[in-house]
Amino acid sequence: MSGLMLLDTPSLYFRAFFGVPESVTAPDGTPVNAVRGLVDMIARLVQDRRPERLVCCMDADWRPAFRVEALPSYKAHRVAEDGGDQTPDALEAQLPVIEQVLDAFGLARAASRATRPTTSSGRSRCGARRTGRSTS
């Protein structure tokens with residue numbers, strides 16, 4: 001395959017967190033099941049699809065207002081009593097490690113903004129942070 005591969009990275013690391021046993025830990029006992037699962041999934045996708053470019057799309061806002069307006073039940077099962085999300089503590093602790101791993105691999109990351117991101121032409125726009133390898 002040629003071209004650009006965009007990964008819904010939060011979807012992949014949530015899937016990895018719940019799919020890889022919590023017994024997968026670093027030598028110091030820190031859980032790394034989401035990290036390991038995410039890396040394995042990315043490696044498999046790259047091996048199978050062979051993209052020329054890859055961007056790990058991230059959530060700058062886990063439940064943007066425009067999505068809730070369009071679909072009130074959007075991620076409603078994850079809303080905590082205080083209005084925040086219910087990310088498990090063991091996964092929350094792995095998020096900085098996931099970012100470090102993506103940086104170490106030189107993978108570009110892009111994150112959507114909290115409001116409907118569009119340009120004057122109506123096309124989507126996102127904030128991007130390039131790390132390491134060029135995505136152009």
Going from CG on Leu4 to CZ on Arg53, what distance comes out if it is rounded to the nearest 0.5 angstrom? 5.0 Å

Closest contact, heavy atoms only, Ala16 versus Ala34: CB-O, 3.6 Å

Reference residue Leu107; test side-chain contact (heavy atoms from CB on, under 4.5 Å); the match among Val55, Val101, Thr9, Leu54: Leu54

Only counting residues at least two apart or in another chain, list the ones meeting salt bridge (charged side-chain N to carboxylate O under 4.0 Å, His left out) with Asp40. Arg36

Please examine the side chains of Phe105 and Ile42, heavy atoms only from C-beta on, and report whether any two atoms are closer than 4.5 Å. no

Excluding sequence neighbours, so at least two apart, what forms side-chain hydrogen bond (donor to acceptor under 3.5 Å, both in side chains) with Ser11? none

Heavy-atom side-chain proximity of Gln86 to His77 below 4.5 angstrom: no

Applying side chain to side chain contact (heavy atoms under 4.5 Å, CB included), run through Glu69 and Tyr74 and close with a yes or a no. CA-CA 9 Å; Glu69 287 172 23; Tyr74 181 73; over 6 Å; no

How many angstroms lie between CG in Leu38 and CD in Gln94, if you round to the nearest 0.5 Å? 10.0 Å

With heavy-atom distances below 4.5 Å as the criterion, would you say the side chains of Arg49 and Met5 are in contact? yes

Any side-chain heavy-atom pair of Phe17 and Pro31 under 4.5 Å: no

Leu102 and Arg109: side chain to side chain contact (heavy atoms under 4.5 Å, CB included), yes or no, with the steps? CA-CA 8 Å; Leu102 297 177; Arg109 292 196 307 266; 3.6 Å; yes

To the nearest 0.5 angstrom, please state how far the SG atom of Cys57 sits from the CG atom of Leu12. 10.5 Å

Specify the closest pair of heavy atoms between Phe18 and Pro88, including all atoms of both residues, with the distance to one decimal. CZ-CG, 3.9 Å

Ignoring hydrogens and angles, tell me if any N or O in the side chain of Glu99 forms a donor-acceptor pair with the backbone of Leu95 under 3.5 Å. no

Linking I/L/V/M/F/W/Y whenever any side-chain heavy atoms sit under 4.5 Å apart, do Val79 and Val68 land together? no

Are Met41 and Leu7 packed together at the side-chain level, in the sense that at least one heavy-atom pair is separated by less than 4.5 angstrom? no

Taking it one step at a time, do Leu71 and Arg67 satisfy side chain to side chain contact (heavy atoms under 4.5 Å, CB included)? CA-CA 6 Å; Leu71 182 67; Arg67 288 190 180 152; over 6 Å; no

Asp59/Lys75 ion pair, N-O < 4.0 Å: yes

Minimum heavy-atom separation for Pro96 to Ala93, with atom names? CD-O, 3.5 Å

